[in-house]
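Sharing a structure, written as structure tokens. Questions coming.
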Amino acid sequence: MTASGHSHHSSAPRRIALVGATGTIGVNCLDVAAHLPGRVKVAGISGHSNIDRLTEQARRFQPDWVAVSDPDRLEEAKAKIPSGIRILAGGNALARAVSAPDIDMVVCAIVGAAGLESTWAALEAGKDIALANKETLVVGGSLVTSLAKQRGAKLLPVDSEHSALFQLLQEPGALGRVERLVLTGSGGPFRGKSQRDLLAVTIEQALNHPTWKMGPKITIDSATLMNKALEVIEARWLFDMGPEKLGVIIHPESVVHSFVEFVDGSVVAQASPPDMRLPIQYALTYPDRVPGPTRRLRWDELKSWNFEQPDRQAFPALDL
Ligand code: NDP
Ligand code: MG
């Protein structure tokens, strides 16, 4: 920062490895990267089974390497990915690639516990992590956060609620002044339904999320509120807060992404339209902020933000 408060940017672009490039978060991340060529260079990408999308991404972003984790798709990848781009097969090769000295940051956007391996390797090498893969913290929160600390690697949250909390807690010492962290959740497509109503819902209805366009696993988890339960665990590890300091409130508009209540009673919130490109970008450019592709809040269309308590009877996952 200069004395006038403007942030300077003169360094070379951050070189990122994007694991899980072919998923919803991966695609959003590449869109951010495309808008910020001076800030972000996509050095490597990984995909599992969607070789056509991976090939198209390789053509467009010209990374040094492309990793394919599904062994049954390797031949297809070799046939389709443009020559001149290195093709890596299997978990070990990916683990080595994300740990290489030319990588500044690893964006972890694989879904499920399969995301742990590459995240772990990157942390071992001391890489900063932009973490979408919450399952990494759900299955290994204690080990993962202590490894990050040990290696001096930053864990930058991409999950929108956790990015909101992280943004709200930037003041030095802020964590020590927290009374409660309150995560918002849309309530999903079945908000307002009773336990009985839920017996009759279909997968198609569960996949039809009202505010977010996400991959199928997290969308189903959002319909049961299991996603919010996983996010409470994620917050527990990211911010080292006991469960008594973690709350959940339903906010159907998905514009307020979380609240921090400080010990003096002041409550601060982070708000922006439901668009994952903003939390992704914040992690990529952290601690800086720059104009990007994200939809902005339309103040002229703003009417009301609603909040309600989660129905813990119909959605027992939260108490679990
Ligand atoms: P998607 O299902 O859209 O994408 C998953 C990605 O992981 C794809 O690139 C897929 O490859 C890859 N993948 C799947 N299985 C494996 C495997 N066994 N080994 C290696 N790679 C694999 O998921 P999302 O993008 O929605 O979610 C990604 C992560 O981000 C999740 O942990 C989710 O909870 C979290 N998240 C997502 C949000 C969202 O808005 N989508 C919001 C907040 C968090 P391929 O498609 O080529 O098979
Ligand atoms: Mg979330």
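Note: hydrogens, waters and symmetry copies are ignored here, and every other heavy atom, side chains too, is used. Whatever order the structure lists them in is the order used to number ligands and atoms, beginning at 1.
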Identify the protein heavy atom lying closest to atom 47 (O) of ligand 1, giving its residue, its atom name and the separation to 0.1 Å.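 Result: Thr22 OG1, 2.7 Å.
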
Short N-O contact, Glu76 and Arg73, less than 4.0 angstrom: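 Between Arg73 and Glu76 there is a salt bridge, with a charged N closer than 4.0 Å to a carboxylate O.
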
Proximity to ligand 1 by part of Ala109, non-hydrogen separation under 4.0 Å: backbone

side-chain hydrogen bond (donor to acceptor under 3.5 Å, both in side chains) between Gln167 and Ser163, intermediate numbers included: CA-CA 6 Å; Gln167 293 177 50; Ser163 173; 2.9 Å; yes

Starting from atom 5 (C) of ligand 1, locate the nearest protein heavy atom and write down its residue, its atom name and how far away it is, to 0.1 Å.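 For atom 5 (C) of ligand 1, the nearest protein heavy atom comes out as Val111 CG1, 3.5 Å.
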
Heavy atom of the protein closest to atom 48 (O) of ligand 1 (residue, atom name, distance): Ser49 OG, 2.6 Å

Taking heavy atoms and a distance under 4.0 Å, where does Ile218 meet ligand 1: side chain, backbone, both or neither? side chain

Carefully, step by step, assess Glu231 and Asn227 under the rule side-chain hydrogen bond (donor to acceptor under 3.5 Å, both in side chains). CA-CA 6 Å; Glu231 290 185 353; Asn227 180 55; 3.1 Å; yes

Tell me if a side-chain donor or acceptor on Lys127 pairs with a main-chain N or O of Ile103 at a distance below 3.5 Å. yes

Can you count the protein N, O or S atoms that lie less than 2.8 Å from the Mg ion (ligand 2)?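 Protein heteroatoms (N, O, S) closer than 2.8 Å to the Mg ion (ligand 2) number 3.
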
Starting from atom 13 (N) of ligand 1, what is the nearest protein heavy atom, named by residue and atom, and what distance separates them? His48 CB, 3.7 Å

For Gly20, counting its heavy atoms only, list the atoms of ligand 1 lying under 4.0 Å from any of them. 9 (O)

Atoms of ligand 1 less than 4.0 Å from Ala132 heavy atoms? 30 (O), 32 (O), 35 (C), 36 (N), 44 (C)

Answer with side chain, backbone, both or neither: which part of Met276 has a heavy atom less than 4.0 angstrom from an atom of ligand 1?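 Just the side chain.
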
When you measure from the side chain of Asn28 to the backbone N and O of Ile25, does any donor-acceptor pair fall under 3.5 Å? no

Between Arg277 and Asp31 (salt bridge meaning N to carboxylate O under 4.0 Å), is one present in this structure? yes

Top protein contact for atom 26 (O) of ligand 1, by heavy-atom distance: Gly215 N, 2.9 Å

Is the backbone of Gly215 close enough, under 3.5 Å, to the side chain of Thr24 for a donor and an acceptor to pair up by distance? yes

Evaluate the criterion side-chain hydrogen bond (donor to acceptor under 3.5 Å, both in side chains) for residue pair His209 and Ser186; output intermediate values, then yes/no. CA-CA 9 Å; His209 197 278; Ser186 69; 3.2 Å; yes

Close approach, Lys134 and ligand 1, non-hydrogen under 4.0 angstrom: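 Right, Lys134 reaches ligand 1.
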
Consider every N or O of Ser160 and every N or O of ligand 1, then say whether any pair is closer than 3.5 Å. no

Charged N to carboxylate O below 4.0 Å: is that the case for Asp319 and Arg312?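 The answer is yes: the pair qualifies as a salt bridge.
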
Counting only heavy atoms, tell me which of Ser69, Ser222, Pro216, Gly23 gets closest to atom 2 (O) of ligand 1.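 Among Ser69, Ser222, Pro216, Gly23, the closest heavy atom to atom 2 (O) of ligand 1 comes from Pro216.
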
Pair listing, ring pair (Phe, Tyr, Trp, His ring centres under 6.0 Å) test, anchored in residues 130-175, at least two apart: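 Listed by first then second residue: Phe166-Tyr286.
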
Rounded to the nearest 0.5 Å, what separates atom NZ in Lys303 from atom CZ in Arg298? 11.5 Å

How about Asp240 and Leu175: do any of their side-chain heavy atoms sit closer than 4.5 Å? no

Counting each atom of ligand 1 from 1 as listed, which ones have a heavy atom of Ala114 under 4.0 Å away?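 Listed by number with element: 17 (C), 18 (N), 19 (N).
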
Top protein contact for atom 41 (N) of ligand 1, by heavy-atom distance: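 The closest one turns out to be Met214 CB, 3.3 Å.
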
Within the side chain of His257, is there an N or O that forms a donor-acceptor pair under 3.5 Å with the backbone of Val255? yes

As a test of understanding, state which of Val66, Thr22, Ile16 forms a side-chain contact (heavy atoms from CB on, under 4.5 Å) with Ile45. Val66

Verify side-chain hydrogen bond (donor to acceptor under 3.5 Å, both in side chains) between Asn133 and Thr136, making sure each step is shown before the conclusion. CA-CA 6 Å; Asn133 179 246; Thr136 286; 2.4 Å; yes

Going by atom types only, do Ser69 and His48 share a side-chain donor-acceptor pair under 3.5 Å?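 Yes, side-chain donor-acceptor contact under 3.5 Å.
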
Identity and separation of the nearest protein heavy atom to atom 29 (C) of ligand 1: Ile110 O, 3.6 Å

Is it the side chain, the backbone, both or neither of Arg53 that has a heavy atom closer than 4.0 Å to ligand 1?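 Under 4.0 Å from ligand 1, Arg53 contributes no heavy atoms.
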
Between ligand 1 and Ser46, is the shortest N or O to N or O distance under 3.5 Å?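 Looking only at distances, the answer is no, because the N/O contact criterion of under 3.5 Å is not met.
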
Heavy-atom nearest neighbour in the protein, as seen from atom 27 (O) of ligand 1, with distance rounded to 0.1 Å: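 That would be Ile25 CG1, 4.2 Å.
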
I'd like to know if Gly26 contacts ligand 1, where contact means a heavy-atom distance under 4.0 Å to any ligand atom.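 Gly26 does not count as a contact of ligand 1 under the 4.0 Å cut-off.
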
